[in-house]
Amino acid sequence: MSSEQLPLKLTVNGEEYRVQVEARRTLADTLRENCGLTGTHLGCEQGVCGACTILMDGEPVRSCLMFAVQAETSDIETVEGLAGDDGELHQLQEAFSAHHALQCGFCTPGFLMLARGILDRQPDIDDDELREALSSNLCRCTGYQTIIEAVRSVRDQL
Ligand code: FES
Ligand code: FES
C-alpha cells in the first residue's frame, strides 16, 4: 500500500491545522496525533463504542470510521472546543459534573459531543428520543442514567 503523504488542511474548533497524512489515516488518529487534540478518545476503533465521536458540520460522527482526507472541506468540532476561550465550561460539561455523569471519563468526550449534536439539532427532543439517541455510545461505568439526566437538564434549560 502506498505511504505517500498528502498535504491536508483541517478546520478544527475554528482553527486551521495543516498536516501531512497518508490517504488511509483515520480522522481520529489525525486529530490526536497530528493535531495534538487527544480529547477525542479511541476505544473500539471499529465504530461501536462512540468514544471517538466528534461533530462534523454539526453532525455527530465516529471519527475512527472516517479518513482525514474526507474532512478537508468540513468544520470539525472536538471536545477541546466546548469550553469558552476563558476556560468557562460548556453547560453540558457543567451538567455532567453536577449529575455525576462520569466515572473513569473515557467515554465522556464522545458523549459530550454526541449530546451537543443532538441538542443543537433537536433542542425539544423528548425523553424517549433522547434515551434512544444517547444509546449509540457506550459507557462501562455509569449505568447511563446520570448521563441521561445531565443531558436532559441541559435540554430543559434551552
Ligand atoms: Fe470509534 Fe469506538 S473508537 S466508535
Ligand atoms: Fe467510564 Fe463511561 S465513565 S466508560
Side-chain angles (χ1 to χ4, degrees), residues 1 3 5-6 8 10-15 17 19-72 74-83 89-122 125 127-155:
M1 193 178 291
S3 60
Q5 302 279 318
L6 305 171
L8 194 62
L10 294 176
T11 307
V12 188
N13 303 325
E15 284 185 37
Y17 291 81
V19 297
Q20 301 266 341
V21 293
E22 288 181 48
R24 63 181 175 172
R25 189 159 182 78
T26 67
L27 179 56
D29 284 343
T30 304
L31 288 170
R32 287 177 56 82
E33 294 170 23
N34 297 81
C35 303
L37 299 169
T38 53
T40 299
H41 289 170
L42 278 169
C44 65
E45 299 189 59
Q46 55 181 335
V48 176
C49 73
C52 65
T53 303
I54 56 147
L55 297 183
M56 179 173 270
D57 297 325
E59 285 294 317
V61 299
R62 280 149 157 56
S63 58
C64 72
L65 292 186
M66 296 200 60
F67 296 119
V69 292
Q70 293 175 280
E72 184 157 34
S74 297
D75 280 325
I76 298 165
E77 292 173 68
T78 68
V79 72
E80 287 88 349
L82 273 186
L89 294 180
H90 186 276
Q91 63 185 145
L92 277 166
Q93 292 170 310
E94 294 279 12
F96 269 57
S97 173
H99 289 264
H100 307 290
L102 64 150
Q103 289 179 30
C104 77
F106 192 84
C107 68
T108 309
F111 268 107
L112 286 168
M113 299 316 288
L114 175 64
R116 166 91 187 265
I118 292 168
L119 294 180
D120 281 353
R121 192 174 41 201
Q122 199 178 348
I125 189 168
D127 287 352
D128 288 344
E129 290 171 320
L130 182 60
R131 183 178 292 264
E132 171 78 22
L134 290 172
S135 73
S136 67
N137 281 20
L138 300 183
C139 174
R140 287 187 161 187
C141 305
T142 63
Y144 299 97
Q145 192 55 34
T146 54
I147 295 174
I148 293 166
E149 286 166 8
V151 181
R152 209 161 48 197
S153 76
V154 175
R155 177 206 60 192

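Note that the structure is a prediction, hence the values are computed from the model and not measured.
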Under the salt bridge (Lys or Arg N to Asp or Glu O under 4.0 Å) rule, collect the residues that match up with [X], sequence neighbours excluded.
X      : answer
Glu80  : none
Asp120 : Arg116
Arg32  : none
Glu33  : Arg25

Indicate every side-chain donor-acceptor pair of residues 38-47 with a distance under 3.5 Å to a residue at least two apart or in another chain.
{"from": "His41", "atom 1": "ND1", "to": "Phe106", "atom 2": "O", "distance (Å)": "2.7"}

What is the minimum heavy-atom distance between [X] and [Y], and which atoms define it?
X      : Y      : result
Ala133 : Leu114 : O-CD2, 3.8 Å
Cys35  : Val19  : SG-CG1, 4.3 Å
Asn13  : Glu77  : OD1-CA, 3.3 Å

- [ ] Kindly state each residue pair satisfying ring pair (Phe, Tyr, Trp, His ring centres under 6.0 Å) with at least one member in residues 47-71, sequence neighbours excluded.
- [x]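 Qualifying pairs, neighbours excluded: none.
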- [ ] Enumerate the residue pairs fulfilling salt bridge (Lys or Arg N to Asp or Glu O under 4.0 Å) with a member in residues 131-142, sequence neighbours excluded, ordered by first and then second residue.
- [x]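 Every candidate salt bridge (Lys or Arg N to Asp or Glu O under 4.0 Å) pair involving residues 131-142 fails, so no pair, neighbours aside, qualifies.
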Roughly how far, to the nearest 0.5 Å, is [atom2] of [Y] from [atom1] of [X]?
X      : Y      : atom1 : atom2 : value
Gln145 : His99  : CD    : NE2   : 11.0 Å
Ser135 : Leu130 : OG    : CG    : 10.0 Å
Ile125 : Leu134 : CD1   : CG    : 7.5 Å
Met56  : Gln70  : CE    : CD    : 7.5 Å
Leu55  : Ser63  : CG    : OG    : 10.5 Å

Open item on the list: Please enumerate all residues that pass side chain to side chain donor-acceptor pair (under 3.5 Å) together with Glu129, with sequence neighbours excluded.
Closed with: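 Here the qualifying residues are Gln122.
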Task: pair Thr146-Phe96: side-chain heavy atoms closer than 4.5 Å - done: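 Not touching, per the 4.5 Å side-chain cut-off.
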Task: Non-hydrogen side-chain atoms of Asn34 and Leu8 separated by less than 4.5 Å - done: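 In short, these two side chains do not touch, never coming nearer than 4.5 Å.
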- [ ] Evaluate side chain to side chain contact (heavy atoms under 4.5 Å, CB included) for Ile54 paired with Leu27, printing each intermediate quantity in order.
- [x] CA-CA 10 Å; Ile54 56 147; Leu27 179 56; 3.6 Å; yes
Main-chain N/O of [Y] paired to [X] side chain as donor or acceptor, under 3.5 Å:
X      : Y      : value
Arg152 : Asp127 : no
Thr26  : Cys64  : no
His90  : Leu92  : yes

Task: SB check Arg24 Asp29 (cutoff 4.0 Å) - done: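 Judged by the 4.0 Å cut-off on N to carboxylate O distance, Arg24 and Asp29 do not form a salt bridge.
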Task: Between Thr11 and Asp75: side-chain donor-acceptor atoms closer than 3.5 Å - done: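 The criterion, which ignores hydrogens and geometry beyond distance, is not satisfied for Asp75 and Thr11.
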Open item on the list: One pair to check against side chain to side chain contact (heavy atoms under 4.5 Å, CB included): Leu82 and Met113. What are the steps and the verdict?
Closed with: CA-CA 8 Å; Leu82 273 186; Met113 299 316 288; 3.9 Å; yes
Could you list the residues that satisfy side-chain contact (heavy atoms from CB on, under 4.5 Å) with [X], not counting sequence neighbours?
X      : answer
Leu65  : Arg62
Cys107 : Phe111, Cys139
Arg121 : Glu59, Pro60, Ile118
Val12  : Leu10, Tyr17, Leu31, Leu37, Ile76, Thr78

